[in-house]
Amino acid sequence: MSGHRRRPPQRSTAGLRAAGEQATSRGARRRPPQKKRWLDYPRRGKQGPRRWLPSWRQVLALFLLFFGSTAALVGYAYATVTIPDPNPTTLLQNNVYYWSDGTVLATDGSVNRQNVTLAQVPAAVQWDFIAAENASFYTDPGIDPQGILRAVVHMAGGGSVQSGSTITQQFVKNTYLDQSQTVSRKFKELLISTKIGASMTKEQILQGYLNSCFFGRQANGVQAAARAYYNLPVEKLDVSQGAFLAAAVNEPSLFQHVDSDPAAKRQAVARWSWVLDRMVDTGKLTAAQRAKYAAAGFPMPRKWAPGAGLTGQTGYLVQLARAYVQQHDPTVTDGSLSRGGYQIHTTFDRKKTAALERSVARTRRERLDPTHRSVDRDVQVGAASVEPRTGKILAVYGGPGFDHSHFSDNADTSGVPVGSTFKPVVLAAALQHGAVLRPGKSPEPITPASRFNGDDGIKIKDQQGNYVTDDKDPTGLLHQRNDTRDRWGYITLRKAMEQSVNTPYVQLGEDVGPENVASTAQALGLRPGSLAAPSAGFYIGTSTPSAIRMAGVYATFAASGEQATPYSVTKVTHNGSVRPGFTAPAPARALPRAIADNVTDVLRGVIARGTGTRAQALGRTAAGKTGTTDDYRSAWFIGYTPQLATSVVLFREDPKHPQLLSMAGVGGLEKVFGGDIPTSIWTQYMRDALTGLPDTPFPVPASLGRGADEPGAAKPSPSTPHDKRGAKNGGKQGTPTAGSTPGAPTPGPKCHGHRCR
């Protein structure tokens, strides 16, 4: 069988199929596995519930992802958040005005806050707040993780949003954020608190916190709270009082009523006690000190009087002080005052102001009857009291009060003629400058013993010897009138002052010269704008200075010629810094001592023998002058002792049509003179104001020698009527009459009818 190829054995069809199936099965097992998913969830290869449960790796990865994202988000937020500007309302403060004794006179402004420096807050009081609110304040970073965790747990349980706040967080919330209780606001508070903690010192933060907390009683900040609860400056708080204020921050709306609500007091006492316990726990009080405060008892705050405003005389005092501050510090404007922060210390004496108000009220009750006399309804009173030698304004009466819609200060208004109270200014000018008694001649010396014509209706001459004209007189010449038609003849200037005779002083003024009279008035403290134009009336009181300025003039006489400009503010601070420009005005010599003391001696006679005899009821050494103007449109009395000078003015004005009206008929009197109602007010007030002070005599005036008389005066003799004292003393002033006591008023005729001028 050579040449033939051998054929392979043939397999059966069934065998081939079986072999193929086996090969296919082996190939399937050798195929590569499928690619894993990035997130194997639901989990492959798991059956049933296990397929949906994440593995521990997945849980760990999810936690790390969440933590990392949160950290990145917080980091980004921290990097991008900025400390905002303080809320505008937190920059607002009020202004506080103080009486001369340091107690609060009044506050004004929309927000009751006065910022203080941390140094002003006693250290123990600082620790009261730290112990109560944030014991770890000086060591924590500005936030309290444990407190935050407690707040989160509370909120997770369905409670309201809680603070868990540190002092830093509370400072941030009060100063930079609002008071909303939201998670977003809380998150922002945490971020800003952390930044604040890194950028500000702890002292700065604590100071800001104490100035921004709300304590109830409309008090924002610890200074306002100290005043509202204890009427003390924060510097004078003790640990116990500070513990109450630290407690009040927690529930101000409740604790503000501690003086009237027993439940509030119980909670306040418990919280106060807890704060003191915390002081012991933190090592800031010993157990013995704690026991001492417990024995002393709860520091009960004073009674709260909400809504007390600028009532009574308070409005006029504040108005006066504000004006003075703005005049002496150009940086203080209405705008800056509206933002507050000023502490204004005044010269006003609390007791004297109350005494003056009482005196006016008493006289009104006793003398005026607006119910039955319509003329009594529009009567106004103004008064001012000034301390000689210093110029301090101690008291004013400006009117019935802002609460009675009377906003114009009667004590500081210019527009009411001063009448015969101006005559001492003319006398002072004459004693200093002399008078031209003969045309073309040099001025001749004048003393209170110089004699001038006191008759009614005389013609007046100027320095050139010409008669003074008057367009209203039929003759074309001025015929000067007195209040009475008494024929006094030639009388001394002393007598003319005592009896308020006009004609001698009008002629004297012309002889001295209006320029000299005006310059003397200004040296005594009167403002040029308040002086009337030169005329016959100028010398007897057509000028319109305020009651304050007239009190200052007479205070200069009391101070032997040393003029101290009346002032009302002793010190001003703004946000704790003392403002310059408020030192007391330096006294300046306005008159030689001998001249001022002689004027005083003459004015003593007004009370002893003249139109001011009602003032003898004061019962001590005093000098003064009455004043009345034409048609009784104003009536004055200005008087003084060595310790106090006070002016009182009475006038009548229609509030709807501001103009001076005649006071004829006021108080049931046909004529109203300065020696009547104004003198009564003055006497009652001065009696109270001088209680406890000695009856100090005035200096004995030096002799001015023999002065010249007006031409035409006969040589005086001891029997000259109306002037026995001047003749007896031979022109020497200040010598008591026989039988009198130096410094005591000399008996004289009482005040009757038209003699009360």
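No hydrogens, no waters, no symmetry mates; every other heavy atom, side chains included, goes into these values.
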Using the side-chain contact (heavy atoms from CB on, under 4.5 Å) rule, take L650 and V672 through it: C-alpha gap first, then chi angles, then the decisive distance, then the call.
CA-CA 9 Å; L650 191 76; V672 179; 4.0 Å; yes
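- Not counting sequence neighbours, the partners of T475 by the side-chain contact (heavy atoms from CB on, under 4.5 Å) test are D473, L477, H479.
- The structure places OH of Y505 at 8.0 Å from NZ of K423, a figure rounded to the nearest 0.5 Å.
- Counting only heavy atoms from C-beta outward, the side chains of V381 and I681 approach each other to under 4.5 Å.
- A donor-acceptor contact shorter than 3.5 Å is absent between the side chain of D511 and the backbone of L437.
- Around atom CZ of R589, more than 12 heavy atoms belonging to other residues, nucleotides or ligands sit under 6.0 Å away.
- At least one side-chain heavy atom of L431 sits less than 4.5 Å from a side-chain heavy atom of L704.
- Annotation for D376 and V666: closest pair OD1-CA, 3.3 Å, computed over non-hydrogen atoms.
- Of the possible polar contacts, none joining the T542 side chain to the A532 backbone as a donor-acceptor pair under 3.5 Å is found.
- Judged purely by atom type and a 3.5 angstrom limit, Q522 has no side-chain atom pairing as donor or acceptor with the backbone of V517.
- Summarising the geometry of R633 relative to F651, their closest heavy-atom pair is O-CB, 3.5 Å, with the distance given to 0.1 Å.
- When side chains are defined from C-beta on, Y490 does not count as touching P504, because their heavy atoms never get closer than 4.5 Å.
- Checking T611 against S500 by side-chain atom types alone, no donor-acceptor pair falls below 3.5 Å.
- Of all heavy-atom pairs between D601 and P701, the closest is CB-CG, 3.9 Å.
- In this structure, S359 OG and R364 CZ are separated by 11.5 Å, a value rounded to the nearest 0.5 Å.
- Rounding to the nearest 0.5 Å places OG1 of T679 at 11.5 Å from CD of Q616.
- Salt bridge status for R389 with E562: absent, with no side-chain N to carboxylate O gap under 4.0 Å.
- Residues P424 and L603 meet the side-chain proximity criterion, which asks for heavy atoms closer than 4.5 Å.
- A donor-acceptor distance shorter than 3.5 angstrom exists from the side chain of T629 to the backbone of S634, with no hydrogens or angles considered.
- A donor-acceptor pair under 3.5 Å is absent between the side-chain atoms of W682 and the main chain of A615, judged by distance alone.
- With D455 contributing its side chain and G489 its backbone, the two residues share a donor-acceptor pair below 3.5 Å.
- For the residue pair T390 / E387, a side-chain donor-acceptor distance below 3.5 Å is found, with atom types taken as modelled.
- Atom CG of D630 sits in a sparse spot, with 12 or fewer heavy atoms from other residues, nucleotides or ligands closer than 6.0 Å.
- Taking a 6.0 Å sphere around CD of Q464, one finds it holds more than 12 heavy atoms contributed by other residues, nucleotides or ligands.
- Both tests do not hold together for K671 against Y632: distance to the six-membered ring centre under 6.0 Å, angle to the ring axis within 45°.
- Between the side chain of N598 and the main chain of A702, a donor-acceptor pair closer than 3.5 Å is present.
- Ring orientation note: the planes of Y554 and Y640 are nearly perpendicular, at an angle over 60° on the 30°/60° scale.
- Rounded to the nearest 0.5 angstrom, I638 CD1 and S420 OG are separated by 10.5 Å.
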Please determine whether side-chain contact (heavy atoms from CB on, under 4.5 Å) holds for the pair V375 and R652, giving the CA-CA distance in whole Å, both sets of side-chain angles, and the decisive distance to 0.1 Å.
CA-CA 8 Å; V375 72; R652 184 167 166 256; 3.6 Å; yes
Criterion salt bridge (charged side-chain N to carboxylate O under 4.0 Å, His left out) on R438 and E444, from CA distance to verdict:
CA-CA 9 Å; R438 294 167 178 82; E444 299 180 54; 2.6 Å; yes
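- Distance check, rounded to the nearest 0.5 Å: CG of L320 to OG of S568 gives 4.5 Å.
- A645 and A551 get closest at one heavy-atom pair: CB-O, 3.6 Å.
- When every heavy atom of Q507 is checked against every heavy atom of E710, the shortest pair comes out as CG-OE2, 3.5 Å.
- The backbone N or O of Q499 sits nowhere less than 3.5 Å from a side-chain atom of R609 that would complete a donor-acceptor pair.
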Verdict with supporting geometry, S450 and L493, side-chain contact (heavy atoms from CB on, under 4.5 Å)
CA-CA 6 Å; S450 295; L493 294 175; 4.1 Å; yes
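- No donor-acceptor pair under 3.5 Å is formed between the side chain of T413 and the backbone N or O of D409.
- Looking at R549 and V553, their side chains never come closer than 4.5 Å, going by heavy atoms from C-beta outward.
- Taking the centre of each ring, F538 and F422 come in below the 6.0 Å mark.
- Taking the centre of each ring, F698 and F557 stay at or above the 6.0 Å mark.
- The main-chain N or O of D412 is never found under 3.5 Å from a side-chain atom of S546 such that the two would form a donor-acceptor pair.
- Residues D631 and S662 approach most closely at O-OG, 3.0 Å, considering heavy atoms.
- The pair D676-R367 meets the salt-bridge criterion, with a side-chain N (NZ, NE, NH1 or NH2) lying under 4.0 Å from an Asp/Glu carboxylate O.
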Would F582 and Y324 satisfy side-chain contact (heavy atoms from CB on, under 4.5 Å), going step by step from the backbone distance to the final call?
CA-CA 10 Å; F582 294 97; Y324 186 90; 4.0 Å; yes
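- Using a cut-off of 4.0 Å between Lys/Arg side-chain N and Asp/Glu carboxylate O, K472 and D470 are scored as not salt-bridged.
- Taken to the nearest 0.5 Å, the CZ atom of R604 stands 11.5 Å off from the CD atom of E498.
- Between K495 and V501 there is no side-chain heavy-atom pair separated by less than 4.5 Å.
- In this structure, the side chains of D654 and Q659 stay at 4.5 Å or more apart for every pair of heavy atoms.
- Contact annotation: the side chain of F348 never approaches that of S100 to less than 4.5 Å [non-hydrogen atoms, C-beta and beyond].
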